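Structure first, commentary second.
The structure presented is a predicted model; accordingly, all values stated were derived computationally and were not measured. As the structure lists them, so they are numbered: ligands from 1, and atoms in each ligand from 1.
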Amino acid sequence: MPSTSLHTEILKLREQLNHHSYRYYVLDDPEITDAEYDRLFRKLQALEEKNPELITPDSPTQRVGAAPLEEFETVTHTLPMVSLDNAFDDGEVRDFDQRLRKLLELDEIEYTVEPKLDGTAVELVYENGFFTVGSTRGDGYTGENITQNLRTIKSIPLRLRNDKTPIPARLEVRGEVFYPVAAFRKLNEQRLKAGEPAFINPRNSASGSLRQLDPKLTAERPLDMFVYGLGQVVGYEFKSQWEALQTFKQWGFKVNPLPKLCRGVEEVLQHYRHIGQLRPSLPYEIDGSVIKVNSFEQQRAAGMRTRSPRWAVAYKYEAQQESTQILDIQAQVGRTGTITPVAIMQPIKVGGVTVSRATLHNEDEIERLGVKIGDWVIIQRAGDVIPEVVKVIEAKRNGKEKKFRFPKKCPVCGEPVVRLEGEVAHRCQNIDCPAQLKEGIRHFASKLAMNIDGLGEKLIEQMVDKELVKSYADLYFLKQAKLIALERMAEKSAQNIIAAIDKSRTVTLDRFIYALGIRHVGEHMSRVLAKEFGSLENLQKAEAERLQQIHEVGPQVAESVSSFFKEKKNLATIQKLLKGGVQIRELAKPKAAEQKFAGQIFVFTGTLEKFTRDEAERMVDERGGRASGSVSKKTNYVVAGPGAGSKLDKARELGVAVISEEEFLQMVK
Ligand code: IVH
């Protein structure tokens with residue numbers, strides 16, 4: 001039984017952490033350093049690990065950690081999430097005001113003017129101050145239950161603050177989850193690096209990130225949220241939108257700082273313009289301002305249309321769009337071999353910046369737009385993101401436009417271009433393509449691959465630029481004298497690097513496979529393949545069909561692996577690696593007994609007392625099984641700890657075997 005003082009300490013740590021994370025994520029005004037925060041966090045984590053019975057869902061340690069889902073459940077909104085009518089000029093806003101004044105029989109109306117955030121709308125439900133359910137807007141009536149993903153967003157309170165304002169029994173708030181523009185740019189750079197298609201805009205990446213079945217993936221994205229509206233509230237009376245916004249802040253929500261209370265339509269238009277001026281420098285995207293009648297009583301009196309309220313309107317800002325002509329379309333090779341078609345345009349000023357290139361993303365996008373060389377097009381800039389082509393102006397065609405053919409050969413190295421099963425991107429698969437060589441070597445030398453100590457980015461850059469290495473196999477033929485000739489390279493460091501390269505010559509098969517940098521073959525998949533095939537020769541010979549027979553290997557991986565080993569250049573590089581003295585230690589194939597959960601699906605539910613969720617998942621994984629977050633007919637075992645609820649009911653309903661933690665441990669042994 002844990003002591004009371006321990007319990008008090010845990011509660012105190014949580015309170016401190018909540019306070020500091022509120023200062024950091026909501027107020028953007030931290031009081032302590034990240035390192036201090038991490039120390040407190042780890043302290044709490046350690047105490048909770050030793051005393052798992054004291055873990056509560058609102059603990060700051062519990063934001064991430066839920067198991068992946070198989071699908072989202074649906075949630076019915078208590079009150080529908082309606083949309084807004086748009087206004088496109090001052091006249092339409094004045095008409096809106098006039099209609100309302102007539103309807104409400106008032107000389108002047110008070111409005112709030114708020115930025116219209118360009119993200120994805122969600123609803124959060126708090127019961128007695130605890131965050132219980134979060135959902136997407138969906139069709140306005142029902143949305144998807146994305147609670148566990150929303151929990152990973154640090155500016156969303158798991159528990160409301162009640163130091164200034166009492167908390168209602170039930171509170172439904174609405175707001176916009178968004179992807180900060182700077183982080184969006186970084187994300188796209190990373191995606192292209194990993195050979196994944198870029199997101200079109202921050203809005204898409206916000207909704208894409210929120211709809212991940214595995215909350216760990218959502219947690220990796222720096223999503224943020226502003227709260228701006230209400231659903232159903234039980235046990236609290238709000239009189240106005242302005243009051244609601246202030247109260248949201250007191251409860252610990254992040255509220256946008258730009259809304260203003262305006263008297264009459266002229267003040268409204270003034271603030272609309274003010275927000276418009278700030279727009280280009282905001283760290284998030286907005287596409288208009290929302291004008292709302294402030295008084296809730298007046299809102300009720302004005303009422304609703306079928307799909308939108310009479311008391312609000314969205315006044316859009318001019319899109320950052322222009323028209324220009326496409327002079328050429330070029331294929332550009334990225335650092336990981338992804339080939340992106342780029343439109344070269346007659347230079348044009350959009351939103352104050354002259355642009356001459358726009359991304360066409362990929363072949364599907366070119367098809368969708370129907371774009372040809374010589375076409376007049378509408379292009380769009382969003383923040384500082386690379387401009388994109390929105391649509392073709394077909395009326396301006398003269399018949400001389402030319403269709404763009406995707407190159408069959410890489411424009412940089414001349415090797416064949418492939419489009420892998422299930423991917424939108426074309427890629428150059430040649431691991432020695434100069435366009436990808438630097439990135440390839442960085443990966444090859446990284447810790448989990450060949451682990452060549454000291455081979456940093458700067459050095460790789462020089463080695464490639466000076467043509468010391470034209471393929472990563474060349475590393476194993478490097479001479480110290482050549483290295484010393486490089487900038488800022490002392491004899492001792494050159495010696496160390498040669499020694500590190502030498503040390504990397506003996507490598508296990510899984511690391512070697514990983515080092516090759518085959519698309520879709522990460523660290524885990526490399527291990528799966530190494531275990532299955534036991535040797536490089538066996539793996540090289542495997543056709544896609546054979547590969548697909550392996551549990552965990554889907555069509556994408558199978559295609560990617562088999563096409564990688566068909567590329568002659570890749571085979572030559574592998575030969576050269578072996579010639580350079582690389583020795584691959586083969587992995588012993590595990591005995592059947594060690595894979596005793598092969599093909600079986602486990603679900604863990606309730607409070608686990610004998611092991612953590614991560615440990616449980618690892619035990620299953622190591623034995624060839626799979627841990628899932630939801631119970632279905634395919635589930636083999638539900639492992640239930642104390643307090644198990646709906647998943648346990650579902651297991652009983654479906655007749656799935658339910659076992660205790662103790663029984664699970666017996667099976668593991
Ligand atoms: S209020 C009845 N306020 O715009 C009022 N919406 O077209 C309903 N949005 O689905 C919404 N910023 O995703 C409101 N400050 C703001 C908003 C906002 C963005 C989005 C929201 C909604 C859509 C309505």
Identify which one of Leu100, Leu106, Leu103 satisfies the side chain to side chain contact (heavy atoms under 4.5 Å, CB included) criterion when paired with Gln298.
Leu106
Got more than 12 heavy atoms from elsewhere within 6.0 Å of NZ, Lys154?
no
Below 6.0 angstrom between ring centroids: does that apply to Tyr272 and Tyr317?
yes
Specify the protein heavy atom at minimum distance from atom 12 (N) of ligand 1: its residue, its atom name, and the distance to 0.1 Å.
Leu117 N, 3.0 Å
Decide, yes or no, whether a salt bridge links Asp375 with Arg397 under the criterion of side-chain N to carboxylate O below 4.0 Å.
yes
Near-ring test Phe226/Tyr284, centroid separation under 6.0 angstrom:
yes
How far is atom 15 (N) of ligand 1 from its nearest protein heavy atom, and which residue and atom is that?
Glu114 OE1, 2.9 Å
At what distance is the nearest protein heavy atom to atom 8 (C) of ligand 1, and which residue and atom is it?
Val82 O, 4.0 Å
Proximity flag Phe226 to ligand 1, non-hydrogen atoms under 4.0 Å:
no
What residue and atom, counting heavy atoms only, is the protein's closest point to atom 20 (C) of ligand 1, and at what distance?
Glu176 OE1, 3.6 Å
Report, as yes or no, whether the 6.0 Å neighbourhood of atom OH on Tyr24 holds more than 12 heavy atoms from other residues, nucleotides or ligands.
no
As an exercise, identify every atom of ligand 1 less than 4.0 angstrom from a heavy atom of Pro115.
12 (N), 15 (N)
I need the atoms of ligand 1 closer than 4.0 Å to a non-hydrogen atom of Ala121, numbered in the order shown.
10 (O), 13 (O)
Where does Ser308 meet ligand 1, judged by heavy-atom distances below 4.0 Å: at the side chain, the backbone, both, or neither?
neither
Check the surroundings of atom CD in Glu15: do more than 12 heavy atoms from other residues, nucleotides or ligands lie under 6.0 Å from it?
no
Hey, does Pro259 sit under 4.0 Å from ligand 1 if you only count heavy atoms?
no
Proximal atoms of ligand 1 relative to Trp311 (non-hydrogen, under 4.0 Å):
2 (C)
Would you mind checking which non-hydrogen protein atom is closest to atom 5 (C) of ligand 1, with the distance to 0.1 Å?
Leu84 CD2, 3.7 Å
For the pair Arg357 and Gln332, evaluate side-chain contact (heavy atoms from CB on, under 4.5 Å) and give the outcome as yes or no after the intermediate values.
CA-CA 12 Å; Arg357 298 161 78 83; Gln332 195 174 293; 2.8 Å; yes
Any non-hydrogen side-chain atom of Arg221 less than 4.5 Å from a side-chain atom of Ser205?
no
Test of understanding: given a 4.0 Å heavy-atom threshold, classify the contact between Phe178 and ligand 1 as side chain, backbone, both, or neither.
neither
Interatomic distance, CD1@Ile109 vs CG@Asn294, rounded to 0.5 Å, equals 11.0 Å
Within the 4.0 Å heavy-atom shell around Pro309, which atoms of ligand 1 are there?
2 (C)
Shortest protein contact, atom 3 (N) of ligand 1 (heavy atom only)
Lys292 NZ, 3.0 Å
For atom 14 (C) of ligand 1, find the nearest protein heavy atom and state the residue, atom name and distance (0.1 Å precision).
Tyr228 CE1, 3.3 Å
